[in-house]
Colleague: 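Have a look at this one.
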Amino acid sequence: MATKHIIVTGGVVSSLGKGIISSSIGKLLQSRGYSVTIQKFDPYINIDPGTLNPYEHGECYVTSDGTETDLDLGHYERFTGIRTGRMNSLTTGRIFKTVIERERKGDYLGKTIQIVPHITDEIKRNISVLASTTGVDFVITEIGGTIGDIESAPFMEAIRQFKWEQEGNVLNVHLTYVPYLCAAGEFKTKPTQHSVKELQGDGIQPDILILRTEKHLDRHLLDKVSSFCNVAKDCVFQSENLPSIYEVPLNMQAQGLDTAILRCLGMDDAATVSDMTQWKAFVDKYYGASRSCEVALVGKYDLQDAYKSIREALVHAATHQEIKVNIRFVNSENIDASNVGEALRGCAGVIICPGFGTRGTEGKIEAARYAREHDIPTLGICFGMQMMVIEFARNVLGYTDANSNELDPQTCHNVIDMMQEQKTITALGGTMRLGEFACRLAPTSLVRRIYGIDVIYERHRHRYEFNSAFREAFEAAGMKCSGINPDSGLVEIVEVPSRRWYVGTQFHPEYSSTVLAPHPLFVDFVKACNL
C-alpha cells in the first residue's frame, strides 16, 4: 500500500505533549502490525539543538548516526523501538541552509528564491524522502511549536499542499488545550475553537482532535467541540493527566484512536488486531511495584527535561524488576565537602550526570568521592564519568591538581584531555564525537558480565576523553579501564572492582533504553541499589 501520513499539530499553548501523542500513535499502529517512523519539524532557525542550552529545549538527544536532535526523538525511540536519524529531525535553519546552498550552486537556474515554492517544497521533499527510504506503512510528522506562530507558517503551508497533493493518504491530528477555570467551576472550549479556526485559516481541516485536559471531560463537552470545529464526534478524544506517560497509548486505545485513524484513512479496521499485551504488562508492573529505592541525580540543570533520557531509563530498568525508583535531583552547585553526606543521605544509588563547563563540577567531584568512599552504587555518564576519573586522581593517586583541560588548561595532571581530532576544530555545532561507536569489554570486568557480549555499540557526545597517558597509574591504583574503542584505543568505560558497583561510561547508555528493552547497565545498576 501507499505510505500513509499522519501530521500532528498543536494549538493554544506549547508543551502539550505532541511528542507523547505522536509516539503513542506510532505504538498503537505497531501493535496492529504496521511499520512506522516518526519525524519532528522544529520551527526554530538553529541548524539543530546541539548548541542550545538545556533550559531552552531540555536535553539534546543523539541518534545512532550522530544527529543531535530534540528530546521528542527520545520518546519516539523509547515508545516504538525504532531507530531514528538525520531524516527524522528537521529545523527551519536546516531547511533554509539547504535551499541557500542550492541557490549558491545555481540549482535554481537564476530564479528568485521564495518561501513558496522553494522552502515549502523542501519541507515536502523531506517528508517524502523519509517515506521512500524507509518504506514504512506510516510516517508520523510532528510539527513543533503552536499553530499561529510566525515561525510555523512555512510548515503549515507545506502541510496544506502536501495533504492536497496526497489526497486520501494524509491525516491531521490536532492537539489542543481545554483549560478549567476554578473560579467559574467549568471547562472552556473557546481556546480550542480559536485554535481550530487558525488551522482552518491555513487551509487545513483537522481530521482528529485530541483535547489535553487536567480533568476528565464529559461526553457533552466533547460533542460541543465536535460541533463547533467540524470534526466527527467519534474523532474527538481527550488526553487527561495520567501518573505515567506510558499509560497514554492504552488510554488512547481505549477511546478508539487507532480505529479512528484507520477509518479516516480509508483502511479496514477489522483487517488487523491490536496486541498491546507486553505494553500493558509493563504498565501493570509500574503500578504494582512492591519495592522502592531512591536514586540521586547529581547535576547542574534543575530542570526535569534536562536529563529526560536518564530519568526514563531508570524507570524502564526499575519497572521490569517491579521496583519503583524515586529520583532525587541534587544540584551539584550546592554540594561541597561539608554537606555532601547530607545531600546524598538515604540514597541507594548515585548518578553523576553529563554536562559541559565549569559550573557545578566540584560538586559532582565531591559526590563521586562520597559515593566511592561509602560504597554507594554509582554510575557516571559522559562528563559524569570524567568527574569520577578526576576525583580518583586527586584522592587516590594523590594528583591534587588533577583536572580536565576543559576546566583547567594549566593543570599538570590533565587526566581528561581534548581528543586529538578535536584540537583544530573551532565551530561548535555538530563537531563533537557524535553517534554510535564500538567498545570492546575486558573479559573479567563487571560490564562484560552485565552486557554478556564482548563488543558493544553505544552513542557518544563529547570532545574530551580519558587521557591514556595516565592509564597505567589508574589501573595500578584500582580503577580499571574496562571498555576500550578497538579502533582508536579511547577509554570508554572505567570501573572500580573493589566497590560494589562503581562504573563510569564516556558514552550515553540512556539513549538506547526503551520501554520493552531496558538498557542492561541501568538494569544492573538498579539491581545493585536494591541489594
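Being a predicted model, the structure only gives us computed values, none of them experimental.
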Colleague: Can you measure from SG (C382) to CZ (R459) and round to the nearest 0.5 angstrom?
Modeller: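 That separation rounds to 14.5 Å.
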
Colleague: Quick check: closest heavy atoms across F507 and I381, and the distance to 0.1 Å?
Modeller: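 Looking at all heavy atoms of both residues, the shortest contact is O-CG2, 3.6 Å.
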
Colleague: State the CD-OG distance between Q278 and S31, to the nearest 0.5 angstrom.
Modeller: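 Taking CD in Q278 and OG in S31, the distance rounds to 11.5 Å.
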
Colleague: Test: side-chain hydrogen bond (donor to acceptor under 3.5 Å, both in side chains). Region: residues 380-391. Which pairs qualify, not counting sequence neighbours?
Modeller: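 Every side-chain hydrogen bond (donor to acceptor under 3.5 Å, both in side chains) pair that includes a residue of residues 380-391, provided the two are not neighbours, is R372-E391, Q386-Q506, E391-N395.
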
Colleague: Taking only residues two or more places apart in sequence or in another chain, which ones pass ring-ring contact (aromatic ring centres under 6.0 Å, His included) with F383?
Modeller: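 Partners of F383 by the ring-ring contact (aromatic ring centres under 6.0 Å, His included) criterion come out as none, since no residue qualifies.
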
Colleague: At what distance, to the nearest 0.5 angstrom, does CG of D65 lie from OG1 of T63?
Modeller: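 Here the rounded value is 3.5 Å.
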
Colleague: I need the E142 CD to L175 CG distance, nearest 0.5 Å.
Modeller: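 Between atom CD of E142 and atom CG of L175 there are 9.5 Å.
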
Colleague: Once ring-ring contact (aromatic ring centres under 6.0 Å, His included) is applied, do any residues pair with Y177, and if so which ones, sequence neighbours excluded?
Modeller: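 Y177 satisfies ring-ring contact (aromatic ring centres under 6.0 Å, His included) with no other residue.
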
Colleague: Looking at I150, I want to see if its CD1 is surrounded by more than 12 non-hydrogen atoms of other residues, nucleotides or ligands under 6.0 Å.
Modeller: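 Not buried by this count: 12 neighbours or fewer within 6.0 Å.
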
Colleague: Any idea how Y511 and H508 line up, ring-wise: parallel (<30°), tilted (30 to 60°), or perpendicular (>60°)?
Modeller: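 Ring orientation, 0 to 90° scale: parallel.
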
Colleague: Working to the nearest 0.5 angstrom, can you tell me the gap between I38 CD1 and T141 OG1?
Modeller: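 Reported to 0.5 Å precision, the distance equals 9.5 Å.
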
Colleague: Run the side-chain hydrogen bond (donor to acceptor under 3.5 Å, both in side chains) check on S309 and E59 step by step: do they pass?
Modeller: CA-CA 8 Å; S309 292; E59 75 172 5; 2.4 Å; yes

Colleague: Kindly state whether the ring of Y246 and the ring of F282 have centres lying under 6.0 angstrom apart.
Modeller: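 Ring centres of F282 and Y246 closer than 6.0 Å.
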
